[in-house]
Asks: 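Below you will find the structure I want to go over with you.
Worth saying up front: this structure is predicted, and the values here are computed from it rather than measured.
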Amino acid sequence: MTTLDDYTRRAMELDLANPLAAARSQFDLPDNESYFLGNSLGPLTHAARAAVVHALDEEWRNGLVRTWHDGDWLELAGSTGDLVARVIGAPAGSVVAVDSTSVALFKVLSAAVTINKSPTRRVMLCDSRNFPTDRYVARSVADLHGLEFIELEVSEMPRRFADDVAVMTASMIDYRSADLHDVRAVTAAAHDHCILTVWDLAHAAGAVKCDVLDNDIDFAVGCGYKYLNGGPGAPAYVYAAPRIIGSVAQPIPGWFGHAEPFAFEDTFRPAAGIARFSSGTTHVLSMKAMHAALGVINRYPIEDLRTTCIRLGDFFVEGYGTFLSTGGFGLGSQREGARRGGHIALLHPDAERMSKELIARSLIVDFRPPNVIRIAFSPLFLRFADVARLVGELSRLN
Ligand SMILES: Cc1ncc(COP(=O)(O)O)c(C=O)c1O
């Protein structure tokens with residue numbers, strides 16, 4: 001019979017064999033804490049701290065307004081987007097860092113609807129299990145354009161795809177269960193009816209391979225502050241397929257999306273590429289943190305991130321099977337790693353109390369009503385030893 005001691009010993013062996021183990025030293029983590037919420041707010045990297053301090057002391061304090069032209073501030077939204085592009089499998093020049101995900105989604109959905117709506121295409125389909133902000137924003141765009149708004153589960157969408165649908169939108173990873181949707185198949189089925197696809201990668205980028213170009217996605221958005229570790233309120237990002245970028249118009253044509261912002265022209269001329277999705281002045285300080293954090297992620301192959309993320313989750317599932325499967329616990333996520341994103345929903349009727357007690361023991365998880373403890377397996381800093389400690393505490397808390 002496997003004991004908790006055996007399980008903990010295995011964790012140490014797995015940490016020694018983890019090709020990403022050294023990446024943890026890139027993070028500035030609180031002492032003696034195990035952090036399972038990289039899917040919510042990724043932790044601080046040493047690189048992000050250094051970049052922000054440099055931006056404050058040198059670029060802002062000393063350079064002042066000159067830095068817009070002498071430094072890299074004007075290119076920052078694009079260069080940060082290029083670093084995101086490498087993580088999500090997009091070509092350089094197809095991603096820009098902007099706004100929040102909610103605002104980015106509004107822009108992208110509006111752009112997609114503008115391209116595709118017609119007297120016979122009057123429907124928008126939205127993932128009914130999507131994160132609330134996505135559902136609010138999608139409904140608003142549909143209302144503004146006079147489209148019928150239909151919510152249904154992603155797995156049901158292909159059956160509803162037809163020539164009356166203009167746009168579909170969904171999350172690649174379900175934010176509650178971590179279900180990984182078959183983006184390639186759903187996108188291909190949508191394209192069979194000339195439907196444009198808008199995917200939210202918030203819980204996917206940095207934890208799974210998004211392959212946006214290979215999957216032929218039309219548009220994508222996502223958060224910078226989750227697995228990308230961009231910091232609280234980090235910019236979101238927008239991807240548009242290179243085949244359509246040049247013909248896209250978004251609804252907030254501000255000067256930072258203009259072909260020549262400093263020409264101060266009377267009328268709007270969109271930038272040639274993805275930069276047209278910028279609207280106002282770049283959020284330099286938060287973009288600096290995100291840019292530096294993305295530099296860290298990009299040192300490691302995305303395949304390794306995915307593999308370690310799955311192994312950490314699988315190790316938890318194994319511990320669940322051995323130590324937690326009785327006593328009221330349930331698994332709200334797929335057992336098979338390849339069908340999961342980066343986190344796992346552990347179910348228990350007493351989840352709220354347990355989450356609080358875990359946090360009091362420096363095991364940082366979160367509670368989602370009514371009965372979910374969310375546990376994320378960020379591949380760059382989490383250790384198998386953290387997972388073993390969590391399983392041990394959960395087995396004692398019950
Ligand atoms: C899937 C998803 N989309 C969007 C958001 C919200 O993004 P923002 O706060 O950047 O608007 C979240 C936040 O957790 C999310 O999980």
Asks: Say whether, by atom type as modelled, one donor and one acceptor occur between the side chain of Asp179 and the main chain of Arg339 under 3.5 angstrom.
Replies: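 The answer is no, because no donor-acceptor pair under 3.5 Å joins these two groups.
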Asks: Tell me whether Glu357 contacts the main-chain N or O of Leu397 through its side chain, where contact means a donor paired with an acceptor under 3.5 Å.
Replies: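 Side chain of Glu357 to backbone of Leu397: no pair is present.
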Asks: Taking the ring of Tyr175 and the ring of His343, is the distance between their centroids below 6.0 Å?
Replies: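 No: the rings miss the under 6.0 Å criterion.
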Asks: Just by distance, no angles: are the side chains of His283 and Asp99 close enough, under 3.5 Å, to form a donor-acceptor pair?
Replies: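 Asp99 and His283 do not have a side-chain donor-acceptor pair below 3.5 Å.
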Asks: For Thr133 and Ser102, does a side-chain donor sit closer than 3.5 Å to a side-chain acceptor?
Replies: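 A pair is found: one side chain offers a donor N or O, the other an acceptor, under 3.5 Å apart.
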Asks: Run the salt-bridge test on Asp127 and Arg135 with the 4.0 Å N-O cut-off and return the result as yes or no.
Replies: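 Result for this pair is no, no salt bridge flagged.
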Asks: Going by the salt bridge (charged side-chain N to carboxylate O under 4.0 Å, His left out) test, name the single residue among Arg335, Arg311, Arg10 that passes it with Glu318.
Replies: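 Between Glu318 and the candidates, salt bridge (charged side-chain N to carboxylate O under 4.0 Å, His left out) is satisfied uniquely by Arg10.
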Asks: So does Arg368 pair up with Asp366, basic N to acidic O under 4.0 Å?
Replies: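 Salt bridge between Arg368 and Asp366, a charged N being under 4.0 Å from a carboxylate O: yes.
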Asks: Any side-chain donor paired with an acceptor under 3.5 Å for Lys288 and Thr80?
Replies: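 Not at all, the side chains of Lys288 and Thr80 share no donor-acceptor pair under 3.5 Å.
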Asks: Check the side chains of Asp6 and Thr3 for a donor-acceptor pair under 3.5 angstrom, ignoring hydrogens and angles.
Replies: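 Yes, a side-chain donor-acceptor pair sits under 3.5 Å.
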Asks: Looking only at side-chain N and O atoms, does Ser278 offer a donor or acceptor that is under 3.5 Å from a partner on Trp255?
Replies: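 Per modelled atom types, Trp255 and Ser278 side chains form no pair under 3.5 Å.
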Asks: Find the distance between CG (Asp200) and CE (Met172) and round it off to the nearest 0.5 Å.
Replies: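 Here the rounded value is 11.0 Å.
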Asks: Go through it in stages, so that I can follow the logic: the residues are Arg139 and Glu151, the test is side-chain contact (heavy atoms from CB on, under 4.5 Å), and I'd like the CA-CA distance, side-chain angles, deciding distance and then a yes or no.
Replies: CA-CA 9 Å; Arg139 185 181 288 274; Glu151 290 191 309; 4.1 Å; yes
Asks: Just by distance, do the side chain of Thr67 and the backbone of Trp60 share a donor-acceptor pair under 3.5 Å?
Replies: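 The answer is no, because no donor-acceptor pair under 3.5 Å joins these two groups.
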